Amino acid sequence: MTSGTAPDVLRAPLVVEFPFTRSLGPVQSAFLSGLRLRTVLGVRTSDRRVLVPPVEYDPVTAAELRELVEVGATGTVTTWAWNPTPRPQQPLATPFAWVLVRLDGADTALLHALDAPGPEHVRTGMRVRIRWAERREGAITDIACFEPCAADEPPAAATAVAHDGRFDSPVTGIVATARLDYTHTPGRAQTRYLRAAAEQRITGERCPKCRKVYVPPRGACPTCGVATDEQVEVGPAGTVTTFCIVNIKSQHLKVLDIEVPYVYAHIALDGADLALHGRIGGIPYDQVRMGLRVEPVWTEGGRYPDHYRPTGEPDADYDTYRELV
Ligand SMILES: [Zn+2]
């Protein structure tokens, strides 16, 4: 934690994850299909080098590459880095070395993990062999990892012999999961806002210069560029400044299991100079209107109002909220 971070600022893990589906060309398809059968394929370039992992186009001439060759399952470490704290979904759960391995018969190196008891057991130039995964399905993870082997162990299997690249039921596509896994902090201003909301109070912060009250607060006035640190409790009631009728059901049913149509509105809470968003309930959707007076409805343990419902007061005059529409 840096010295500028207040110790009472909220923090929470945040994961953004989505699957990325890609199709494979003939070369990548042959490479992954081969792994399933413990066969490692490279591709020969116009200058007769063998690239592993293979690429579809020559990095020098840009010509299409199709000449596949099989290389060995043993190789030489060309460089490495120790990983003392493996993260979820990395090849090994225990500390390991990331290694670049030039397989026998190849001219380039493949990035993978080396299972070794400690960094003192790893060195550039050491001989290693592939440890195959027990279940192989046509993915780079079919190579579980590399493991050290004796310096005089002869190269296993073939080294750079021609291969037609044909396999039964070849792999034609892969799903690669993109994942960002980090700790999110909302900052000091929103931490104060969230703490108050946990007590069912809505607070904003006032700009010392223009006197506007921002809800939710961002910690600074976007107009004056100065820090806002005067806490101001706003609401609880407010005025609908504008709204829309939602007719499409959310795909995130667990989060928003709400019958359509419903109304989502901009609501200017009393004392706030910025409207926030909220769902309007307790009134038929086609009777919601600009100027409608509403109040928040909290659920047990909720950190924000579940929705806003009419207070029964007369509608607000347009001039009282026209600057907030
Ligand atoms: Zn200001």
Side-chain angles (χ1 to χ4, degrees), residues 1-14 16 180 182-246 255-256 262-281 288-299 301-325:
M1 190 176 288
T2 60
S3 57
T5 309
D8 60 341
V9 169
L10 289 174
R11 301 160 68 85
L14 187 65
V16 181
L180 284 173
Y182 61 102
T183 303
H184 173 72
T185 173
R188 276 176 284 192
Q190 287 203 60
T191 291
R192 290 192 285 261
Y193 172 78
L194 292 168
R195 287 234 159 88
E199 297 166 0
Q200 307 199 348
R201 292 182 298 117
I202 298 177
T203 57
E205 292 192 356
R206 192 191 309 275
C207 171
K209 228 168 150 185
C210 69
R211 311 299 295 161
K212 275 192 174 169
V213 174
Y214 291 98
V215 186
R218 304 277 185 223
C221 173
T223 310
C224 309
V226 296
T228 58
D229 49 16
E230 184 194 342
Q231 313 285 299
V232 182
E233 188 160 336
V234 298
T239 301
V240 171
T241 63
T242 185
F243 64 93
C244 68
I245 298 169
V246 179
V255 181
L256 268 183
Y262 65 88
V263 173
Y264 206 68
H266 276 192
I267 300 154
L269 294 176
D270 296 344
D273 291 293
L274 199 68
L276 45 71
H277 314 148
R279 183 170 63 88
I280 306 297
V288 176
R289 53 203 180 265
M290 292 170 74
L292 180 70
R293 295 285 294 158
V294 293
E295 63 188 3
V297 177
W298 301 81
T299 50
R303 279 186 161 268
Y304 50 87
D306 177 70
H307 64 277
Y308 291 77
R309 67 179 171 213
T311 62
E313 297 167 87
D315 286 3
D317 190 69
Y318 181 63
D319 285 336
T320 64
Y321 63 88
R322 58 185 296 172
E323 299 296 326
L324 297 170
V325 174

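Keep in mind it's a predicted model, so treat the numbers as computed, not measured. Numbering of ligands and ligand atoms starts at 1, following listing order.
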Protein N/O/S count near the Zn ion (ligand 1) (criterion: distance under 2.8 Å)
4
With sequence neighbours left out, what residues match R201 under salt bridge (Lys or Arg N to Asp or Glu O under 4.0 Å)?
E199, E233
Measuring only between side-chain heavy atoms, which start at C-beta, is C207 closer than 4.5 Å to T223?
no
Give a yes-or-no answer on whether the side chains of T239 and R293 include a donor-acceptor pair shorter than 3.5 Å.
yes
The single option from V294, V297, I280 passing side-chain contact (heavy atoms from CB on, under 4.5 Å) against R309
V297
Residue that, paired with L324, satisfies side-chain contact (heavy atoms from CB on, under 4.5 Å) out of L274, I267, T241
T241
Verdict with reasoning, I202 to Y193, per side-chain contact (heavy atoms from CB on, under 4.5 Å):
CA-CA 7 Å; I202 298 177; Y193 172 78; 4.1 Å; yes
